[in-house]
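Note that ligands are numbered from 1 as they come in the structure, with each ligand's atoms numbered from 1 the same way.
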Amino acid sequence: MLLVYGIYNFRPKRTAFRNDYCLFCGRARRSEQIRSFDVCHLFWIPLLPLGFRRRWRCTACGRLPHVPRGTRPAVAWAFLAVLVILGVAVWMIPLTAHDWIFEWVMRVAVPVFAIFTLVHISRVPQGPSLKEKLAAVAPASDTVCPFCGTALLLLSSQGSCPRCGVVRA
Ligand SMILES: [Zn+2]
Ligand SMILES: [Zn+2]
């Protein structure tokens with residue numbers, strides 16, 4: 001069975017920008033914060049509202065700036081979901097007389113794989129290397145909004161655009 005699921009981002013709005021280090025681009029980049037109303041969908045049917053959420057996005061590559069190249073968490077989450085469903089199924093289906101050894105192997109192996117997958121997901125490399133790279137990035141010092149060209153209102157260390165509302169972080 002193919003499970004089609006994902007998250008809809010309704011009414012996305014740019015709320016902030018900052019100088020950042022993008023692990024995907026492998027260099028210092030500008031990133032922007034997007035706020036949207038997120039809803040989980042299953043087979044394109046919006047089911048579970050997650051509320052307003054904010055996330056940073058690299059303006060050069062459009063990805064999450066702190067997720068290194070090569071990791072695809074969405075794939076790991078999908079794999080975990082399949083394992084959980086399979087794990088429930090192998091424990092729900094009664095053992096049969098001729099295949100019981102295989103069925104017990106499945107009953108043990110599927111949860112073990114699920115745990116390994118969960119550990120893999122939770123161990124997102126956020127090592128000191130990223131912190132060091134971020135420390136080397138100078139904070140944004142723009143006096144003009146990079147998106148609409150309006151002069152920023154500067155209050156103490158923060159600046160905000162009176163026209164589109166973005167905040168210099
Ligand atoms: Zn990037
Ligand atoms: Zn602006």
Side-chain angles (χ1 to χ4, degrees), residues 2-84 113-169:
L2 183 71
L3 204 62
V4 181
Y5 70 97
I7 294 174
Y8 285 131
N9 307 123
F10 291 115
R11 296 180 61 202
K13 187 180 187 308
R14 189 191 287 124
T15 51
F17 69 94
R18 69 180 178 198
N19 286 348
D20 207 344
Y21 190 92
C22 175
L23 288 177
F24 191 86
C25 297
R27 52 177 293 183
R29 289 283 196 207
R30 173 62 54 89
S31 69
E32 55 184 3
Q33 190 186 50
I34 308 292
R35 192 191 69 167
S36 59
F37 190 82
D38 295 350
V39 181
C40 275
H41 75 78
L42 190 65
F43 292 101
W44 304 285
I45 303 163
L47 287 177
L48 180 68
L50 301 169
F52 280 102
R53 297 201 307 176
R54 295 159 189 268
R55 67 195 173 282
W56 289 96
R57 184 172 74 177
C58 171
T59 53
C61 69
R63 292 163 201 272
L64 296 171
H66 298 163
V67 176
R69 207 180 268 266
T71 45
R72 289 197 288 170
V75 174
W77 279 111
F79 187 57
L80 180 66
V82 170
L83 285 173
V84 168
F113 274 119
I115 291 164
F116 273 125
T117 308
L118 193 62
V119 169
H120 172 77
I121 291 169
S122 57
R123 229 199 291 135
V124 175
Q126 267 255 14
S129 54
L130 175 62
K131 278 190 195 137
E132 283 164 22
K133 282 164 181 163
L134 282 173
V137 175
S141 57
D142 306 52
T143 52
V144 169
C145 173
F147 305 110
C148 70
T150 308
L152 295 177
L153 283 174
L154 297 170
L155 293 162
S156 64
S157 64
Q158 235 193 13
S160 66
C161 173
R163 183 134 161 238
C164 65
V166 297
V167 171
R168 189 184 74 189

Can you name the closest pair of heavy atoms from Ile7 and Cys40 and give their distance? CG1-SG, 4.1 Å

Cation-pi, Phe37 ring and Arg11 (6.0 angstrom, 45 degrees): no

Nearest heavy-atom contact between Cys148 and Cys145 is N-SG, 3.4 Å

Residues in salt bridge (charged side-chain N to carboxylate O under 4.0 Å, His left out) with Arg54, at least two apart? none

Give every protein N, O or S atom lying under 2.8 Å from the Zn ion (ligand 2), naming each by residue and atom. Cys145 SG, Cys148 SG, Cys161 SG, Cys164 SG

For Tyr8 and Phe10, take the angle between the two ring planes, folded into 0 to 90°, and tell me which bin it lands in: parallel under 30, tilted 30 to 60, perpendicular over 60. tilted

Using a distance threshold of 2.8 Å, what protein N/O/S atoms lie below it relative to the Zn ion (ligand 1)? Cys22 SG, Cys25 SG, Cys58 SG, Cys61 SG

Do Arg55 and Ser36 have side-chain heavy atoms sitting under 4.5 Å apart? yes

Could you list the residues that satisfy side chain to side chain donor-acceptor pair (under 3.5 Å) with Arg30, not counting sequence neighbours? Asn19, Asp142

Looking only at heavy atoms, what is the nearest atom pair of Val137 and Ala28, with distance? CG2-CB, 4.1 Å

Taking side chain as C-beta onward, heavy atoms only, is Val167 less than 4.5 Å from Gln33? no

